[in-house]
Amino acid sequence: MDEITEKLARIKDKWGPEALLGVGGSGHGPGDPNLWRFCNLWGTPNYFHQGKNCGEPEYFAEWAVYGAISEIGNTPVPGVTKCVIIWGSNPPVSYGSNWWKAAEAARTQGMKIITVDPRLSESAKGSDLWLQIRPGTDGALAYGMLKLIIDEGLYDADFVNRWCLGFEELKAFVAQYSLSKVEAITWVPAAKIAEAARLYATSKPADIMFGLGTAHQGKGTFSAVLGKAFLRAITGNVDVLGGNRFGDVPEQTSFVEQMHWDKIIDHPERTRDNVSSEVWPYGSVKALKLFREAMSNVYPKGLPGPAKYMIYPAPSSVWTAILDQKPYPIRAALIQASNTLGTFANSKRIAQAFTSGNLELLVVLEQNLTPTAQLADYVLPAADALETPNIFVAVGYWGFNDLYNAIPRALDPLYERRTDYDVFRDLGNRLGQQGYWPDSLEGWYDRLLEPSSVKFEELAARNDPQLAPPVREKRYLTSGFATASGKVEFSSSMLKKLGYDPFPQHEEPAWSPVSNPELAKEYPYILITTGRNRHFQGSNLHQIAKLRRLHPHPLVQLHPETARQLGIAEGDDVYIETPVGRVRQKARLFKGINPQVVHAEFGWWYPERTPDSSLSGIWESNINSIVPDGPEHASFTGDSSFRALLCRVYPAKESAPGSIAH
Ligand SMILES: Nc1nc2c(c(=O)[nH]1)N[C@H]1C(S)=C(S)[C@@H](COP(=O)(O)OP(=O)(O)OC[C@H]3O[C@@H](n4cnc5c(=O)[nH]c(N)nc54)[C@H](O)[C@@H]3O)O[C@H]1N2
Ligand SMILES: Nc1nc2c(c(=O)[nH]1)N[C@H]1C(S)=C(S)[C@@H](COP(=O)(O)OP(=O)(O)OC[C@H]3O[C@@H](n4cnc5c(=O)[nH]c(N)nc54)[C@H](O)[C@@H]3O)O[C@H]1N2
Ligand SMILES: [Mo]
């Protein structure tokens, strides 16, 4: 810790606070929010966590149009929800069994399910209507549905008149998206589009789900996520129970204050915005400030959890800031709970950055010696969930809701392991952040819980150790929407202020058969990466032998006809290749996929070979090593395109890697 402290202090002196990069994981525990606190107090706007790959564009669209984010994973409410569009998501696999049980219960009471997915996913199989879309064209589909709903007068005119601005502009804009045009773009038959639009608009309340499928489309993303937001609003389904109810703002805790986002706005040592703010202003300190002002009607204490997204730089710019030291140098990185090489795009470039001489310090806090950890100067072994007292559940860590469970630690950390909190506390206390870091994590929880006047230990000792918010809806009736006008803004003032077109046309992803037919001659298949599987979480859990026996190899789904043409049989090893490189996975023949679409798993490495010179086989099957990055492939927020790419596929000669040693 002394060495790390000394190096960090030196780097700050010489290069400024912005030369530190923070990378966090996906809400595994209190480590995430404490990394943000550390970075905000330190003065660097160069941090992100997995939210950057995890649907950020969809949140931004919702913030821009109606100033709030729909409840994550909004479970259908039996007897209330009348229709759900599962759009770019697959809840039977991604959200655990309770979601689908609730959906089944709601169905017996008349709820209809529509799924928009290029694959006959588990969701699509269980749906009343399946729209098999061409990857990367969801924006055109949404606009076509909007046009039909407006033309046929199926929108909620009362809500639109009273609560929405810019309806006439929206109407004029979507007029270009006739069903025949949309059919040609999306490959979804016009009759099905019309059926879906009518069913959605006339069944109330109805919910359009958040989904990674619509957020991972590069250039296709902007229109897709805005189109979904427009549909929710025009039908009056925003902040309605059973529809798109908004997530709860943390009120039972001082979460908002404890994250110290205000500190990064006014930090005395910070002289620069993040490294991608010029290219992607949506995702900069400037944006955070604008949103804070515009939303103060609803969030007087400051922005809730999702505020962090406003600061996130684009990952591709961060790697450039290390490799080329432009627009300014990043010299040190603190990584917590992220196997960055497995889960971010173009991972060979990330490995180059992490091993570059420009990076003076790489610290990784991990529970496993991941390929990313193997590149570190210092690996700090992190305590696991049993060794860490806990207060939030899942998305609570990201400040998306106001539900808190208190769980005491079951045992003290074994061996040299320490909680992430203890590491940030010790760094913070050595680096001028005294007063912000109570001695124990429980002590920090006590601070968080001050608004509820309960101590952590007391809450954890209860039979039902949770603070659950009352179910609220339609909060706009008292406070208005959290936008500059207090209304739903179809023509978003925030987008305009940040230099974006509030009505973006459907744009083809950079590598699509339409935008790049030359490339498509060489790489004839559309590549989508993940649909999750039941056995792993991101690039984690592959080390657990029991799970690996259930799912020993990475699988790529191909249509049987495509496989036949390529001379590939079920279970064969195949190469998937893009202009960036190739990886090997095992063929899984699947009739439910369009013959032109290929679906690969992500997150693969071979922990049983740890550590070895191949970084535990991270380059063999890890699809992200062939996913491109950079401005051409990024969405309007600088996020990466993990779907809607181009590839070719062919049989691999050698046998597959990844036999399980244990
Ligand atoms: N078991 C398990 N559960 C998990 C996770 C895990 O790793 N394992 N990860 C968790 C995390 S971090 C997240 S963010 C959630 C994500 O959960 P989801 O939002 O459900 O995301 P995915 O399962 O990745 O993808 C959903 C669907 O998008 C489809 N899709 C691909 N391209 C397109 C497209 O262009 N348009 C449309 N409309 N659909 C497309 C895919 O075929 C897939 O069926 O799951 C969480 N749950
Ligand atoms: N191609 C492609 N790439 C994707 C996606 C996709 O759909 N397609 N999805 C993206 C999405 S939505 C997400 S959320 C990410 C998932 O990306 P990550 O969040 O990076 O995913 P995990 O694989 O869960 O890895 C987290 C790491 O944290 C470690 N860990 C777990 N708990 C703790 C803890 O308490 N403390 C510390 N210090 N370490 C801990 C684990 O050992 C593991 O190595 O992947 C993204 N990447
Ligand atoms: Mo995620």
Side-chain angles (χ1 to χ4, degrees), residues 23-32 35 49-56 58 72-73 86-96 115-124 131-138 141 186 209-217 220-221 224 335-345 347 364-373 380-385 387-388 394 417 419-420 423 509 526-543 557 592-593 597 599-603 605 607 622-624 626-627 640-644:
V23 179
S26 41
H28 292 277
D32 254 10
L35 172 69
H49 81 332
Q50 278 299 348
K52 194 70 203 172
N53 293 325
C54 188
E56 173 195 59
E58 182 143 15
I72 303 298
I86 299 174
W87 198 327
S89 174
N90 191 19
V93 174
S94 308
Y95 292 161
T115 292
V116 184
D117 199 302
R119 302 181 307 127
L120 185 63
S121 63
E122 288 77 358
S123 304
L131 308 188
Q132 187 175 22
I133 193 163
R134 173 165 70 91
T137 65
D138 297 74
L141 176 67
T186 62
M209 290 191 66
F210 161 87
L212 283 190
T214 46
H216 281 174
Q217 305 182 357
T221 296
I335 299 185
Q336 177 268 338
S338 169
N339 180 14
T340 319
L341 296 189
T343 48
F344 283 74
S347 35
V364 174
L365 283 74
E366 251 299 344
Q367 293 170 346
N368 294 292
L369 202 53
T370 62
T372 307
L380 306 180
D384 71 17
E387 299 164 332
T388 308
R417 295 205 284 257
T419 65
D420 297 301
V423 171
I526 301 172
L527 174 66
I528 58 181
T529 74
T530 200
R532 266 73 185 151
N533 59 62
R534 289 208 169 84
H535 305 111
F536 307 120
Q537 159 65 37
S539 79
N540 194 15
L541 307 184
H542 300 69
Q543 70 276 13
Q557 288 179 324
I593 194 165
V597 178
H599 173 234
E601 287 184 350
F602 87 105
W605 59 292
N622 167 19
I623 202 76
N624 283 336
I626 64 166
V627 168
S640 304
S641 54
F642 295 107
R643 311 178 197 215

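Just so you know, residue 1 is the first one in the sequence shown, and it goes up from there. Since this is a predicted model, take the numbers as computed values, not measurements. All ligand and atom numbering here is 1-based and tracks the order in the structure.
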Looking at [X] and [Y], what are the two nearest heavy atoms and their distance?
| X | Y | value |
| --- | --- | --- |
| Asp32 | Gly25 | OD1-N, 3.1 Å |
| Gly531 | Arg643 | N-NH1, 4.1 Å |
| Val597 | Pro135 | CG2-CD, 4.0 Å |
| Thr214 | Ala224 | O-CB, 3.9 Å |

_Given Asn540, Val23, Asn53, Leu35, the one that forms side chain to side chain contact (heavy atoms under 4.5 Å, CB included) with Ser338_ = Val23

Purely on distance, is any nitrogen or oxygen of [X] under 3.5 Å from one on ligand 1?
| X | result |
| --- | --- |
| Ser121 | no |
| Asp138 | yes |
| Pro118 | no |
| Asn90 | yes |

*Does at least one non-hydrogen atom of Gly136 fall below 4.0 angstrom from an atom of ligand 1?*
yes

*May I ask whether Thr137 has any heavy atom positioned less than 4.0 angstrom from an atom of ligand 1?*
no

*asked:* Test your reading of the model: is there a side-chain donor-acceptor pair from Trp605 to the backbone of Ser539, 3.5 Å cut-off?
replied: yes

*Do Gln367 and Asp384 have side-chain N/O donor and acceptor atoms under 3.5 Å apart?*
no

*Taking Lys52 as the fixed residue, which of Gln50, Glu56, His49 is the one that meets the side-chain hydrogen bond (donor to acceptor under 3.5 Å, both in side chains) rule?*
Glu56

For [X], counting its heavy atoms only, list the atoms of ligand 1 lying under 4.0 Å from any of them.
| X | answer |
| --- | --- |
| Asp117 | 27 (C), 28 (O), 29 (C), 41 (C), 42 (O), 43 (C), 44 (O) |
| Val93 | 1 (N), 3 (N) |
| Arg119 | 41 (C), 42 (O), 43 (C), 44 (O) |
| Asn533 | 1 (N), 2 (C), 8 (N) |

*Any idea which residues sit under 4.0 Å from ligand 2, heavy-atom distances?*
Gly25, Ser26, His28, Gln50, Asn53, Cys54, Leu212, His216, Gln336, Ala337, Ser338, Asn339, Thr343, Leu365, Glu366, Gln367, Asn368, Thr370, Ala382, Asp420, Thr529, Thr530, Arg532, Gln537, Gly538, Ser539, Asn540, Phe602, Ile623, Asn624, Phe642, Arg643

_Interatomic spacing from CG in Asn624 to CZ in Phe344 - rounded to 0.5 Å_ = 9.5 Å

_Gap separating the CG atom of Leu541 from the CG atom of Asn368, nearest 0.5 angstrom_ = 8.5 Å

*If you measure from each non-hydrogen atom of Gln217 to ligand 1, which part falls under 4.0 Å: side chain, backbone, both or neither?*
side chain

*Plane angle bin for His216 and Phe642 - parallel if under 30°, tilted between 30 and 60°, otherwise perpendicular*: perpendicular

